[in-house]
Amino acid sequence: MLRIIVSIKQVPDADDLRVDPITNTLVREGVPAVVNPPDLHAIEEGVRLKERYGGKVTVITMGPPQGESALRDALAMGADEAYLITDRSMAGADTWATSYTISRAVQKLGGADLYLFGRRAVDGETEQVGPQTAKWLGIPVVGYVSEVREVKERSVVVVKSTESLEEVLEVPLPAVLTILETANRPRQPDINSLIRARTAKIPKLTREDIGAEPNKVGLAGSPTKVIKVQPPPKTRNPEIKYVGKDQDVIDWLVQKIRESLTEDSGQSLKYERPKPKAKTEREVWVYVDHVDGEPNPASWEIMGEGRRIADLMSTSLSAVVIGDRVDKVVGEAFQYGADKVYHARTKGYNLYDNDVFTQALSRLVKKYSPEAVLFPGSRNPRELASTTAIAVDTGLIADCTNFDVDEKGILHSTRPDFGGKEMSTIICPNHRPVMVTVRPGVFRPLPRTERKGEVIREEVEDLFTRFKVLETRKVERRNVLAEADVVVGVGRGIRDPENIKLAEELAEKLGGVVGVTKPLADSGWYPKDRQVGQTGVTIRPKLYIALGISGAVQHLVGMAGARKVIAINLDPEAQIFQNSDYGVVGDLFQVVPELLRRL
């Protein structure tokens, strides 16, 4: 009998979260809690596998007593039983402590053949608990599964999809899988299933029940600590014009568009070394992601920010490269700012393998003891960071967009939470190195220069892997939004999908592309890969023109890197105006056609 355990999370409904205009804090009271949306796909996959192979699906969640409601939703979808892991001592856990707790709970329940997790948690965009739970359990993890092809007696065959690669992998059971949202469409329970779920008994498990150590659970057991929560900072000073009130609004708008496209950005690309805030003896490391020797450009973005962090700490910046044939990657690391490169040579393994790369990176970390390790927020580096953090017993902070260093040399990492509605600053006070995943598209690489430095090569011996690669296919997923100099964004003010043609015409006129807000992408009005925002694409164009976009914080996070922002909206109170350089209060269906005539 196939035994499946699905781990889910209950999160506040981000659509109902609001910022208090007086206190500038997030209003949580009265906000309904829902099943973390990506976890619905994990539940669905578990139920489908049960229907296909027979067996039992158990759903668990860790949280307060009200977490029962999320478990009942899972039961209504077809899960057979549910357990609530709840204890006051577990409150405030980071992903290290959460994954430890989950690992203890599933062992208490007798284990399973497959452990399924959603790809990410929407409140913190972590993508860490699944891989970290696997590491605690000592079993393999395959992240970003787009298809479970076959479950055999002792193994499972899955398709793993990353930004540039699709792999068909066979791994032994038991195993952890994190399920992509594209893997399936969660079912809607019928009325009888809902009634059964409402009356089902849900046992509770406490810390003592699962045998968890007190110093490894909750806030007390978490290596990372949140030290500050605040609303997103205002970064622009808008100049606003009103159609019908101000003169020559369209001519002014044309002028601002042309100025934005011709403005020299050379000065902003020049690196200015900051004044050190502390003296740190250990190095700052940047993990350089690559696909068979071709560097991930996000690695060079993070190298630029790593350079600044290292200078704030008055220490050196080193790159870490893992693989067999990686001379090109090592050479480019110096050109993009590294003082030194650590090359962990994994003979016979050049493509990412979680077992092999975790072994290699863990050995480097334990031998050389860096202060911090920064990872690109791409899929494989996120998975690697998660498993390595458990292997070396340290904290991991996810999806960061801003960094600072205090007078003690402690790294302050800030990330958007709850769809960008608040910003949390997090530290790792007592564990080293602090590990951080960094959102791609937020930082710029340093100008490339011809330079060389010291290469420290470590031959990693006694490697083993539990992964059997059956097929590999490189995929071309060009991110036209991230590459564009001009993006014309479209929100619900466009009213009808047919009207997006107006935005496409403007984008074509300016040599740009169209992007959309989350509601439009979710509604199928435009391709999902054209969504701008925290859960979409982070963009850095010369010019972003927002048409009929209200300015949900989730969207603002994704467009914050634009050099200039122009907003056109009928509502003068729309939040988008406070996050723009120039704004026009007017009907976009009048403004844009006139703008097209004059450009």
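This structure is a prediction, so every number in the text was calculated from the model and none was measured.
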For the residue pair [X] and [Y], what are the closest heavy atoms and their distance?
X      : Y      : value
Ser378 : Glu163 : CA-OE2, 3.5 Å
Ala212 : Val217 : CB-CG1, 3.7 Å
Thr178 : Pro131 : CG2-CD, 4.2 Å
Ile210 : Ala105 : CG2-CA, 3.8 Å
Arg466 : Pro172 : O-CD, 3.0 Å
Lys50  : Val57  : CB-CG2, 3.8 Å

Quick one: does [X]'s side chain have a donor or acceptor within less than 3.5 Å of a partner on [Y]'s backbone?
X      : Y      : value
Glu45  : His41  : no
Asp289 : Asn296 : no
Gln132 : Ile390 : no
Asp209 : Thr206 : yes
Asp39  : Ala42  : no
Arg72  : Ala197 : yes
Thr465 : Phe467 : yes
Arg120 : Glu127 : no
Thr517 : Gly491 : no
Lys9   : Gly63  : no

task = Sequence neighbours left out, what pairs pass ring-ring contact (aromatic ring centres under 6.0 Å, His included) with at least one residue falling in residues 132-190?
result =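 Only Trp96-Trp136, Tyr100-Trp136 qualify under ring-ring contact (aromatic ring centres under 6.0 Å, His included).
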key: Candidate pair Val320 and Val373, rule side-chain contact (heavy atoms from CB on, under 4.5 Å), full reasoning   = CA-CA 9 Å; Val320 178; Val373 186; 5.6 Å; no
ask   = Without hydrogens or angle criteria, can the side chains of Thr133 and Ser103 be said to hold a donor-acceptor pair below 3.5 Å?
value =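 Looking only at side-chain atoms, Ser103 and Thr133 do not form any donor-acceptor pair under 3.5 Å.
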query = With a 3.5 Å cut-off and no angle check, do the side chains of Thr387 and Thr358 form a donor-acceptor pair?
reply =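 A donor-acceptor contact under 3.5 Å links the two side chains.
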How about [X] and [Y]: do any of their side-chain heavy atoms sit closer than 4.5 Å?
X      : Y      : value
Pro186 : Met77  : yes
Pro223 : Asp94  : yes
Val365 : Pro370 : yes
Ser386 : Lys135 : no
Val532 : Val537 : no
Gln359 : Asp462 : no
Ile8   : Leu71  : yes
His555 : Gln575 : no

Could you grab the distance from atom [atom1] of [X] to atom [atom2] of [Y], nearest 0.5 Å is fine?
X      : Y      : atom1 : atom2 : value
Arg439 : Arg415 : CZ    : CZ    : 10.5 Å
Leu520 : Tyr526 : CG    : OH    : 10.5 Å
Ser146 : Lys160 : OG    : NZ    : 11.0 Å
Lys56  : Ile4   : NZ    : CD1   : 11.5 Å
Leu205 : Thr101 : CG    : OG1   : 11.5 Å
Thr538 : Asp399 : OG1   : CG    : 8.0 Å

task = Would you indicate whether Arg363, at its atom CZ, is surrounded by more than 12 heavy atoms from other residues, nucleotides or ligands within a distance under 6.0 Å?
result =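 Counting neighbours around CZ of Arg363, more than 12 heavy atoms of other residues, nucleotides or ligands fall under 6.0 Å, so yes.
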inquiry  = Check this for me: Lys528, atom NZ, are more than 12 non-hydrogen atoms of other residues, nucleotides or ligands nearer than 6.0 Å?
reply    =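 For Lys528, atom NZ is crowded (more than 12 foreign heavy atoms under 6.0 Å).
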Side-chain donor-acceptor distances from residues 108-115 under 3.5 Å, at least two apart:
{"unit_1": "Asp113", "atom_1": "OD1", "unit_2": "Arg3", "atom_2": "NH2", "d": "3.4"}
{"unit_1": "Asp113", "atom_1": "OD2", "unit_2": "Arg3", "atom_2": "N", "d": "2.8"}
{"unit_1": "Tyr115", "atom_1": "OH", "unit_2": "Ala112", "atom_2": "N", "d": "2.9"}

task = Only counting residues at least two apart or in another chain, list the ones meeting side chain to side chain donor-acceptor pair (under 3.5 Å) with Lys204.
result =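 Only Glu68 meet the side chain to side chain donor-acceptor pair (under 3.5 Å) criterion with Lys204.
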request  = Apply side-chain contact (heavy atoms from CB on, under 4.5 Å) to Val460 and Ile322, showing your working.
outcome  = CA-CA 10 Å; Val460 186; Ile322 302 174; over 6 Å; no
Pair [X] + [Y], salt bridge at N-O below 4.0 Å:
X      : Y      : result
Glu383 : Arg379 : no
Asp393 : Arg432 : no
Arg185 : Glu44  : no

ask   = Only one of Val168, Asp353, Leu169 clears side chain to side chain contact (heavy atoms under 4.5 Å, CB included) with Val469; which?
value =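 Output: one option passes, namely Leu169.
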task = Give me the ring orientation class for Trp285 and Tyr368: parallel if the planes are under 30° apart, tilted from 30 to 60°, perpendicular past 60°.
result =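 Correct class here is tilted.
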request  = Check step by step if side-chain contact (heavy atoms from CB on, under 4.5 Å) holds for Thr61 and Leu84.
outcome  = CA-CA 5 Å; Thr61 193; Leu84 176 64; 3.6 Å; yes
request  = Applying side-chain contact (heavy atoms from CB on, under 4.5 Å), run through Gln128 and Phe117 and close with a yes or a no.
outcome  = CA-CA 10 Å; Gln128 294 167 194; Phe117 292 76; over 6 Å; no
request  = Starting from the C-alpha separation in whole Å, work towards a yes-or-no answer on side-chain hydrogen bond (donor to acceptor under 3.5 Å, both in side chains) for Thr280 and Glu371.
outcome  = CA-CA 8 Å; Thr280 305; Glu371 176 68 23; 5.2 Å; no
